[in-house]
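The shown structure was predicted, so the numbers you read here are calculated from the model rather than taken from an experiment. These numbers come from the heavy atoms of this one structure, side chains and all, not from hydrogens, waters or symmetry mates.
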Amino acid sequence: MSLEVLSSNLSFGGKHVRYRHRSDVLDCSMELAVFLPPAAEAGPVPVLWWLSGLTCTDENFMQKAGAHRLASQLGIAIVCPDTSPRGTDLPGEHDSYDFGSGAGVYLNASQAPWSGHYRMYDYVTAELPELLGRELPLDMTRQAISGHSMGGHGALVCALKNPGQYRSVSAFAPIANPSQCDWGRKAFSGYLGDDQQVWKDWDASELIRAHGSDHELLVDQGEADDFLHQGQLKPEALEAACQEASVSLTLRRQPGYDHSYFFIASFIDDHLRHHSAALNRD
């Protein structure tokens with residue numbers, strides 16, 4: 001088995017297991033977490049990928065979101081990758097919270113020295129599904145994807161760039177138009193270079209505007225989110241792009257909620273049910 005078990009805990013009748021493995025795509029050792037519902041004991045179950053935000057690891061969602069109870073009942077596995085390569089120690093990698101370690105942005109870097117390791121898009125969309133589908137009772141013909149903040153951006157981009165791979169997509173407070181915000185411009189210029197036309201291929205709002213989508217997008221955004229008011233998230237850009245391209249978007253603006261996992265825990269059940277309906281549709 002290519003997966004080394006780091007820890008295993010029972011949770012609502014299922015199992016929360018943390019693994020370590022060697023990633024060829026990222027050229028480093030990676031850790032991740034998987035929640036397997038009780039139904040996995042009888043055979044492969046559908047999969048919800050959760051992509052976390054800046055500074056997070058696999059542990060944030062699994063410990064704070066409160067998703068295991070309903071996922072157990074619905075028979076859905078949850079896979080939480082890490083947010084970026086680890087242990088590479090590239091020059092400047094640990095200098096800031098919004099670039100480098102903890103900030104992989106779920107893209108394929110093209111600029112040195114990042115291009116040798118920072119290929120989180122290929123890791124999430126190709127390497128991990130192949131590995132986990134081979135090693136665990138997961139049905140990779142039934143995948144869904146969701147995430148928060150930087151991970152919300154990643155979930156949208158992965159779904160938009162891979163029509164047919166994911167049956168559903170949702171996001172919490174995604175960085176919806178990264179080419180037009182400080183976080184995104186910093187990451188894109190460092191990982192992708194200065195050609196802003198290249199950036200558009202990793203920007204959910206631009207992808208929708210250019211290519212549309214058959215997905216019914218579900219997005220929750222807290223109205224008391226400091227990053228919203230700083231102009232980092234730009235849900236209005238996503239909304240405008242969906243309107244222009246006739247893409248179905250349910251954008252729920254939640255009064256009083258911030259950017260924290262209290263926000264995610266408050267609405268995660270709605271997202272799980274959204275994905276369950278798609279994952280179990282014939």
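- E130 places no side-chain N or O within donor-acceptor distance of the main-chain N or O of A126, the cut-off being under 3.5 Å.
- Linking Ile, Leu, Val, Met, Phe, Trp and Tyr whenever their side-chain heavy atoms come within less than 4.5 Å leaves L51 and I78 in two separate clusters.
- Proximity of a side-chain donor or acceptor of S84 to a complementary backbone N or O of G102 within less than 3.5 Å is detected.
- In this structure, a donor-acceptor pair under 3.5 Å is absent between the side chains of H16 and S11.
- In this model, a donor atom of one side chain and an acceptor atom of the other lie less than 3.5 Å apart for E127 and S23.
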Evaluate side chain to side chain contact (heavy atoms under 4.5 Å, CB included) for S168 paired with H274, printing each intermediate quantity in order.
CA-CA 8 Å; S168 55; H274 168 78; 4.1 Å; yes
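- For the pair S146/H275, a side-chain contact is recorded, criterion being any heavy-atom separation below 4.5 Å from C-beta on.
- At least one side-chain heavy atom of V124 sits under 4.5 Å from a side-chain heavy atom of C158.
- Taking 4.5 Å as the limit, every side-chain heavy atom of L249 sits out of range of all side-chain heavy atoms of L218.
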Pair L228, Q232 - check side chain to side chain contact (heavy atoms under 4.5 Å, CB included), show working.
CA-CA 6 Å; L228 172 68; Q232 300 283 21; over 6 Å; no
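- The closest side-chain donor-acceptor pair between S260 and K64, if any, does not fall under 3.5 angstrom.
- A search for side chain to side chain donor-acceptor pair (under 3.5 Å) contacts involving N280 returns R142, S276, not counting sequence neighbours.
- Side-chain N or O atoms of R185 include one that pairs as donor or acceptor with a backbone N or O of Q180 at under 3.5 Å.
- Between Y123 and N108, the side chains place no donor N or O within less than 3.5 Å of an acceptor N or O (distance only, hydrogens not considered).
- A distance of 12.0 Å separates CG in D195 from OG in S189, rounded to the nearest 0.5 Å.
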Would you check, one step at a time, whether the test side chain to side chain contact (heavy atoms under 4.5 Å, CB included) holds for V247 with L217?
CA-CA 8 Å; V247 171; L217 309 181; 4.1 Å; yes
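- Of the N and O atoms on the side chains of T57 and D82, not one donor lies less than 3.5 Å from an acceptor on the other residue.
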List the steps and the verdict of salt bridge (charged side-chain N to carboxylate O under 4.0 Å, His left out) for R252 and D270.
CA-CA 11 Å; R252 308 193 307 183; D270 293 345; 2.9 Å; yes
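- Between the side chain of Q165 and the main chain of N162, no donor-acceptor pair closer than 3.5 Å is present.
- Both V169 and L138 are members of a single hydrophobic cluster when ILVMFWY side chains are connected at heavy-atom separations under 4.5 Å.
- Contact of the F227 side chain with the D258 side chain is not registered, since no non-hydrogen atoms from C-beta on lie closer than 4.5 Å.
- Between the side chains of D203 and H153, no donor-acceptor pair is found at a separation under 3.5 Å.
- Of the N and O atoms on the side chains of Y118 and Q111, not one donor lies less than 3.5 Å from an acceptor on the other residue.
- A salt bridge (Lys or Arg N to Asp or Glu O under 4.0 Å) with E31 holds for exactly one of R86, R22, R18; it is R18.
- Looking only at atom types and distance, the side chain of Q221 has a donor-acceptor partner in the side chain of D225 under 3.5 Å away.
- For the atom pair CZ (R69) and CZ (F12), the distance works out to 4.0 Å, reported to the nearest 0.5 Å.
- When the side chains of ILVMFWY residues are joined at heavy-atom separations under 4.5 Å, either directly or via intervening members, L279 and L156 end up in two distinct hydrophobic clusters.
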Could you walk me through whether R253 and E239 pass the salt bridge (charged side-chain N to carboxylate O under 4.0 Å, His left out) check?
CA-CA 12 Å; R253 293 177 169 87; E239 190 171 42; 3.0 Å; yes
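- Looking at W199 and Y191, their side chains never bring a donor and an acceptor atom within 3.5 Å of each other.
- For W202 and Y121, the distance between ring centers is under 6.0 angstrom.
- Considering all non-hydrogen atoms of both residues, P81 and L32 come closest at CA-CB, 4.0 Å.
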Trace of the side chain to side chain contact (heavy atoms under 4.5 Å, CB included) decision for L131 with R134
CA-CA 5 Å; L131 171 64; R134 185 177 70 242; 3.3 Å; yes
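- Taking the six-membered ring for Trp and the full ring otherwise, the centers of F172 and F263 sit less than 6.0 Å from each other.
- In this structure, K15 is not positioned above the aromatic face of F35 in the sense of NZ or CZ being under 6.0 Å from the six-membered ring centre and within 45° of the axis.
- C181 is listed as a side-chain neighbour of I175, based on a closest heavy-atom distance under 4.5 Å.
- A 4.5 Å side-chain heavy-atom check between S72 and P38 finds at least one atom pair inside the cut-off.
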Hey, mind stepping through K186 and S96 against side chain to side chain donor-acceptor pair (under 3.5 Å) and telling me if it holds?
CA-CA 11 Å; K186 180 176 181 178; S96 60; 3.0 Å; yes
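- Listed by chain and number, the residues in a side chain to side chain donor-acceptor pair (under 3.5 Å) with T141 are D139 (sequence neighbours excluded).
- Residue R20 holds its CZ atom at 4.5 Å from CG of L6, rounded to the nearest 0.5 Å.
- No side-chain N or O of S2 forms a donor-acceptor pair with one of H21 less than 3.5 Å apart.
- Residues H271 and S170 bring a donor and an acceptor atom of their side chains to less than 3.5 Å of each other.
- L48 is listed as a side-chain neighbour of L272, based on a closest heavy-atom distance under 4.5 Å.
- Relative ring orientation between H259 and H148 is described as tilted, the plane-to-plane angle lying within the 30° to 60° band.
- When the side chain to side chain donor-acceptor pair (under 3.5 Å) test is applied to W114, no partner is found at least two apart in sequence or on another chain.
- Panel note: side chain Q243, backbone A240; no donor-acceptor pair is recorded below 3.5 Å.
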Evaluate the salt bridge (charged side-chain N to carboxylate O under 4.0 Å, His left out) criterion for residues R119 and D122: first the C-alpha distance (whole Å), next the side-chain angles of each, then the deciding distance (0.1 Å), finally the verdict.
CA-CA 6 Å; R119 305 185 63 82; D122 280 354; 3.2 Å; yes
After noting the C-alpha distance and the side-chain angles of T88 and H117, does the key distance pass the side chain to side chain donor-acceptor pair (under 3.5 Å) rule?
CA-CA 8 Å; T88 55; H117 298 282; 5.2 Å; no
